[in-house]
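Throughout, numbering of the chain's residues begins at 1 and tracks the sequence.
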Amino acid sequence: MTFKSNPATVISSKENDYNWDKPLHPDGMGVVKLSDEWVAEKHFRLSAPTPPEYNYPSTSIYQVSVFHQLHCVNWLRDRINHPNDPYYPPGSRKHNHTLHCLDFIRQSLMCNADTNLAITHDYVFFGSGTDHKCKDFDLIREWAIENHFLEFIEYRTKPSSNST
C-alpha cells in the first residue's frame with residue numbers, strides 16, 4: 001500500500017467525522033467475546049469475564065488493539081479540531097482520557113515500529129508516496145464483527161459501569 005497525504009480528511013465535518021468513526025470501527029468498538037478455551041489454546045492471557053447478566057458463560061472480553069488505537073487517534077483529532085472545548089479542563093476525566101490516548105498511541109507505535117524509509121519531495125513532509133506492507137484491515141474488521149460483544153456499549157453506559 002502506498003500512503004497518500006490528505007490532511008483535508010482530518011478536518012472536522014459531518015462527512016469526515018462519519019468516515020473516522022463508522023467505517024473504521026465495527027459495532028461494539030472492536031470489543032470481542034472469546035471462549036476461555038480458545039484463549040487458552042492460543043496462549044493469550046485471560047481478560048475480564050463477560051458480565052454474567054449477558055449469559056455468555058466461560059467467555060472473556062477483549063478489545064482488538066487496532067480499534068483502540070483508531071479510537072485514540074480519532075479522539076486526538078477531535079481535540080485538535082476543537083482545542084477550546086470547555087469540557088476538557090486539565091485534570092478532568094476527558095483530559096485524562098486524552099493523555100491516556102496519546103500515551104497508548106506512543107506505545108503502539110514503538111511496539112509496531114514501521115521501519116520503511118519514508119520519502120520526501122519538499123524536505124518538510126515525509127511519507128506520502130512511501131510503500132508499506134500492511135495487514136489486511138478488512139479481514140481484521142471482519143473477525144472483530146464475527147466475535148463482537150455488542151452489549152459492551154450498553155454495559156459501559158449503565159450507571160454502575162466503570163466507563164471512561
Side-chain angles (χ1 to χ4, degrees), residues 1 3-34 45 47-54 56 59-114 116 118 120 122-130 132 134-135 137-138 140-145 147-164:
M1 170 184 202
F3 285 10
K4 296 178 181 121
S5 181
N6 188 358
T9 63
V10 178
I11 296 168
S12 188
S13 71
K14 190 173 187 173
E15 180 182 3
N16 285 346
D17 293 348
Y18 175 85
N19 288 332
W20 272 83
D21 186 24
K22 296 299 179 196
L24 297 179
H25 296 93
D27 290 340
M29 297 172 52
V31 173
V32 297
K33 63 181 180 314
L34 302 172
R45 290 179 56 194
S47 186
T50 306
E53 61 263 38
Y54 296 104
Y56 296 111
T59 62
S60 299
I61 62 170
Y62 300 81
Q63 185 176 38
V64 181
S65 283
V66 67
F67 300 114
H68 187 182
Q69 295 159 358
L70 287 168
H71 155 79
C72 281
V73 170
N74 194 30
W75 183 274
L76 295 174
R77 180 186 75 90
D78 184 65
R79 298 306 321 120
I80 290 167
N81 283 311
H82 305 100
N84 299 317
D85 190 325
Y87 296 105
Y88 294 85
S92 71
R93 184 181 205 118
K94 289 186 175 190
H95 176 78
N96 291 340
H97 189 149
T98 302
L99 298 176
H100 153 78
C101 279
L102 189 58
D103 189 52
F104 185 75
I105 292 168
R106 176 191 61 82
Q107 292 179 61
S108 297
L109 289 169
M110 291 171 69
C111 178
N112 297 292
D114 183 344
N116 284 298
T120 185
D122 60 7
Y123 306 100
V124 177
F125 297 105
F126 287 80
S128 185
T130 301
H132 296 264
C134 301
K135 293 182 179 174
F137 181 78
D138 292 332
I140 295 166
R141 191 173 185 281
E142 286 173 26
W143 183 87
I145 290 169
N147 294 282
H148 63 242
F149 177 52
L150 287 180
E151 298 90 340
F152 177 72
I153 302 299
E154 172 190 306
Y155 180 75
R156 285 284 304 255
T157 57
K158 283 182 177 181
S160 62
S161 173
N162 293 326
S163 62
T164 300

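- Using a distance-only test at 3.5 Å, with no hydrogens or angles considered, a donor-acceptor pair links the side chain of Thr120 to the main chain of Phe125.
- When all heavy atoms of Ile145 and Pro26 are compared, the closest pair comes out as CG1-CB, 3.5 Å.
- With sequence neighbours excluded, the residues forming a side chain to side chain contact (heavy atoms under 4.5 Å, CB included) with Asn112 are Gln69, listed by chain and number.
- Taking 4.5 Å as the limit, every side-chain heavy atom of Arg141 sits out of range of all side-chain heavy atoms of Pro23.
- Under the side chain to side chain contact (heavy atoms under 4.5 Å, CB included) criterion, Arg106 pairs with Asp103, Met110, sequence neighbours left out.
- Atom CG of Asn19 sits about 8.0 Å away from atom OG of Ser13, to the nearest 0.5 Å.
- Of all heavy-atom pairs between Pro89 and Pro86, the closest is CD-O, 3.4 Å.
- With sequence neighbours left out, Phe137 forms a ring pair (Phe, Tyr, Trp, His ring centres under 6.0 Å) with Phe67.
- Within the structure, ring-ring contact (aromatic ring centres under 6.0 Å, His included) contacts touching residues 3-25 (residues at least two apart or in different chains) are Phe3-His132.
- Listed by chain and residue number, Trp75, Leu76, Arg79, Tyr88 satisfy the side chain to side chain contact (heavy atoms under 4.5 Å, CB included) test with Thr98 (two or more places apart in sequence, or in another chain).
- Taking the six-membered ring where the residue is Trp, the centroids of Phe149 and Tyr155 are separated by 6.0 Å or more.
- Under the side chain to side chain donor-acceptor pair (under 3.5 Å) criterion, Tyr62 pairs with no residue at all, not counting sequence neighbours.
- In this structure, CD1 in Ile11 is found 9.0 Å from CG in Asn6, a value given to the nearest 0.5 Å.
- Residue Leu150 comes nearest to Gly28 through the heavy atom pair CD2-N, 4.0 Å, listed as atom of the first residue, atom of the second, then distance.
- The two residues Ala118 and Thr130 have their closest heavy-atom pair at CA-OG1, 3.3 Å.
- For Thr59 against Thr50, the heavy-atom pair with the smallest separation is OG1-OG1, 2.6 Å.
- In this structure, Leu24 CG and Met29 CE are separated by 13.0 Å, a value rounded to the nearest 0.5 Å.
- For His148, the side chain to side chain donor-acceptor pair (under 3.5 Å) test picks out no residue, with sequence neighbours left out.
- Ile140 has its side chain within reach of Val66: a pair of non-hydrogen atoms, C-beta onward, lies under 4.5 Å apart.
- Asn147 places no side-chain N or O within 3.5 Å of a backbone atom of Val32 that could act as its donor or acceptor partner.
- Listed by chain and residue number, nothing satisfies the salt bridge (charged side-chain N to carboxylate O under 4.0 Å, His left out) test with Glu15 (two or more places apart in sequence, or in another chain).
- Asp17 pairs by the salt bridge (charged side-chain N to carboxylate O under 4.0 Å, His left out) definition with Arg77, not counting sequence neighbours.
- Ser60 and Ser47 share no side-chain donor-acceptor pair at under 3.5 Å.
- To the nearest 0.5 Å, atom SG of residue Cys72 and atom NE2 of residue His97 are 5.0 Å apart.
- By the ring pair (Phe, Tyr, Trp, His ring centres under 6.0 Å) test, His68 is found to be paired with His100, Phe104, residues two or more places apart in sequence or in another chain being considered.
- Checked against ring pair (Phe, Tyr, Trp, His ring centres under 6.0 Å), Phe152 has no partners two or more places apart in sequence or in another chain.
- In this structure Asn84 satisfies the side chain to side chain contact (heavy atoms under 4.5 Å, CB included) test with no other residue, sequence neighbours excluded.
- Ser12 and His82 get closest at one heavy-atom pair: OG-CE1, 3.7 Å.
- In this structure the side chain of Lys33 never reaches within 4.5 angstrom of the side chain of Tyr54, judged on heavy atoms.
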